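Naming convention: chains lettered A, B, ... in sequence-line order (proteins, then strands); numbering from 1 in each chain. Remember, predicted model here, so these are calculated numbers, not experimental data.
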Protein chains: 2
Amino acid sequence: MARKNAAKRSQPFDRTRHDHARETAEDYVEAIASLIEERGVCRGADLAKHFGVSHVTVTKTVLRLKREGLAEAAPYRPIDLTAKGRRMARAAKRRHEIVYAFLQALGVSDAVAKIDSEGIEHHVSEETLKAFQRYLEGK
Amino acid sequence: MARKNAAKRSQPFDRTRHDHARETAEDYVEAIASLIEERGVCRGADLAKHFGVSHVTVTKTVLRLKREGLAEAAPYRPIDLTAKGRRMARAAKRRHEIVYAFLQALGVSDAVAKIDSEGIEHHVSEETLKAFQRYLEGK
DNA sequence: ACAAATCTTTAGCCCGGGCTAAACTAAAGC
DNA sequence: GCTTTAGTTTAGCCCGGGCTAAAGATTTGT
Ligand SMILES: [Mn+2]
Ligand SMILES: [Mn+2]
Ligand SMILES: [Mn+2]
Ligand SMILES: [Mn+2]
């Protein structure tokens, strides 16, 4: 359930701007989860610094996440994730880590692997992830 | 020359919406070049069909490409690329092909490799491409 | 030559991710 | 307790990628 048009999505060019919004959401929930883990709470200013955008941009994006049931945020309170947000964060982190390790295993430098995995992570299907993992194990 | 802040860009989170605009441009010039090659000319309607968006969206995007010196377009005339647009198309096509072949070589199915490479192509640095090519050769 | 069909543009809207400036709240310092 | 400082929200703007509806141009067919 949920997940309205699972079939129609994932065509090569079904990235109608919603795709980009989803990528942003993935990066945000991942960052929120990581900040909470690292320092107990996540504040808007931390996210602003992390992404290199203004705090205003962060506020607006967090409002969207809240609207979509991914985050919880009350005025002047730290930002938290919902169960749904935590699930998305976990999945995003897993993908990100696999892609990062895979690029390094292929011989890409750490710095570049970090940059490239940050983009690639949003575009790897489960099947491709499996292939990356196979390579990592059998390397 | 050109290329204003080459250093500052390419940080992990320097994808401030301009990145997404660039990705769109890459897909467009690649598609325009391919349509011109396949059938002599490229019309807006072809692009609309190819991307699965409305012809209006295409018009607007092509106007932006023109503004950026990538495409040439006069009212009711077919769309063409500038030298700069052709260069970008060539580079995009190359990256795309390498990523596609690489995923297939890794054992990813054709259909999924096609979908994933469509997104991944925009996020692979030259260094990562080299690594992909090494794998393809030494496979 | 004209009517119909097809293609393209224009107008006007939505949303998401950016921004600056200004107001406001909360936390520290004294 | 009051003031400064740091963090946050609000208001209002820009741009890019979407859309529909309506008008205009071109092509095609008889
Ligand atoms: Mn990530
Ligand atoms: Mn990312
Ligand atoms: Mn992307
Ligand atoms: Mn693409």
Side-chain angles (χ1 to χ4, degrees), chain A residues 5 8-9 11-29 31-32 35 39-80 118-119 122, chain B residues 5 8-9 11-29 31-32 35 39-80 118-119 122:
Chain A
N5 301 2
K8 272 272 165 85
R9 286 206 269 88
Q11 301 293 100
F13 286 113
D14 186 11
R15 86 340 336 196
T16 34
R17 193 173 62 87
H18 292 91
D19 276 28
H20 287 163
R22 178 187 42 77
E23 294 178 31
T24 301
E26 287 171 356
D27 283 338
Y28 267 72
V29 295
I32 293 168
L35 283 165
R39 70 185 69 181
V41 295
C42 168
R43 318 243 30 154
D46 303 329
L47 290 171
K49 183 166 295 181
H50 181 249
F51 290 117
V53 300
S54 78
H55 46 293
V56 181
T57 297
V58 167
T59 301
K60 220 176 130 184
T61 301
V62 169
L63 278 182
R64 171 171 74 88
L65 298 183
K66 191 177 165 187
R67 204 164 63 235
E68 294 175 352
L70 294 166
E72 284 167 0
Y76 298 97
R77 302 286 329 283
I79 296 154
D80 203 353
E118 190 59 70
H122 307 286
Chain B
N5 301 3
K8 273 272 164 88
R9 287 208 267 87
Q11 300 296 98
F13 286 113
D14 187 10
R15 104 261 66 155
T16 36
R17 195 173 61 89
H18 293 92
D19 276 29
H20 288 163
R22 179 188 41 80
E23 294 178 31
T24 301
E26 287 172 355
D27 284 338
Y28 267 72
V29 295
I32 292 168
L35 283 165
R39 70 185 69 180
V41 295
C42 167
R43 319 244 29 156
D46 303 330
L47 290 171
K49 182 166 295 178
H50 182 249
F51 290 117
V53 301
S54 78
H55 46 292
V56 181
T57 296
V58 167
T59 301
K60 220 176 130 184
T61 300
V62 169
L63 278 181
R64 171 172 75 88
L65 298 182
K66 192 177 164 187
R67 204 163 63 234
E68 294 175 352
L70 294 165
E72 282 168 359
Y76 299 96
R77 302 286 329 282
I79 297 153
D80 203 352
E118 190 59 69
H122 306 286

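Taking the side chain of A/R64 as heavy atoms from C-beta on, and the options C/dC19, C/dG16, C/dA26, the nearest nucleotide is C/dG16. Closest to the B/T61 side chain, of the nucleotides C/dT8, C/dA26, D/dG17, is D/dG17. For B/V56, the side-chain atoms get nearest to C/dT10 when compared with the rest of C/dT10, D/dG7, C/dG17. In this structure, the nucleotide among D/dG7, C/dT20, D/dG17 sitting nearest to the side chain of B/T57 is D/dG17.
Taking CG of A/D27 as the reference point, atom OG1 of A/T61 lies at 11.0 Å (rounded to 0.5 Å).
Residue A/D19 contributes atom CG, which lies 15 Å from atom C1' of D/dG16 at whole-angstrom precision. When rounded to the nearest whole Å, the span between CZ of A/R43 and P of D/dT5 equals 20 Å. When rounded to the nearest whole Å, the span between CD of B/E23 and C1' of C/dG17 equals 14 Å. One atom, NE2 of B/H20, and another, P of C/dG16, lie 14 Å apart when rounded to the nearest Å. For the pair B/K49 NZ and C/dT6 C1', the interatomic distance rounds to 12 Å; values are reported in whole Å. Summarising the geometry, the separation between CG on B/D27 and C1' on D/dG17 is reported as 13 Å, rounded to the nearest angstrom. For the pair B/L47 CG and C/dT9 P, the interatomic distance rounds to 11 Å; values are reported in whole Å.
Side-chain N/O atoms of B/R17 and base N/O atoms of D/dC15 include a donor-acceptor pair closer than 3.5 Å. For A/K60 against C/dG18, a side-chain-to-base donor-acceptor contact under 3.5 Å is present.
At distances below 3.5 Å, not a single donor-acceptor pair connects side-chain atoms of B/T57 with backbone N or O atoms of B/V53.
Residue-level contact check: B/R22 touches neither bases nor backbone, having no heavy atom under 4.0 Å from any strand. A/R77 comes within 4.0 angstrom of no nucleic acid atom, judged by non-hydrogen atoms across all strands.
Contact annotation: A/T59 side-chain N/O to D/dT8 OP1/OP2 distance is not under 4.0 Å.
Side-chain contact between A/R64 and A/L70 is absent, with no heavy-atom pair separated by less than 4.5 Å. Between A/R43 and A/L35 there is no side-chain heavy-atom pair separated by less than 4.5 Å.
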### Task
Output, in order, the C-alpha distance, side-chain angles, deciding distance and verdict of side chain to side chain contact (heavy atoms under 4.5 Å, CB included) for B/H122 and B/D19.
CA-CA 9 Å; B/H122 306 286; B/D19 276 29; over 6 Å; no
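Position along DNA chain C of the nearest nucleotide to B/Y76 versus A/H55 favours B/Y76 as the more 5'-ward residue. Nearer the 5' end of DNA chain D, as judged by each residue's closest nucleotide, is the contact made by A/A74, out of A/A74 and B/S54.
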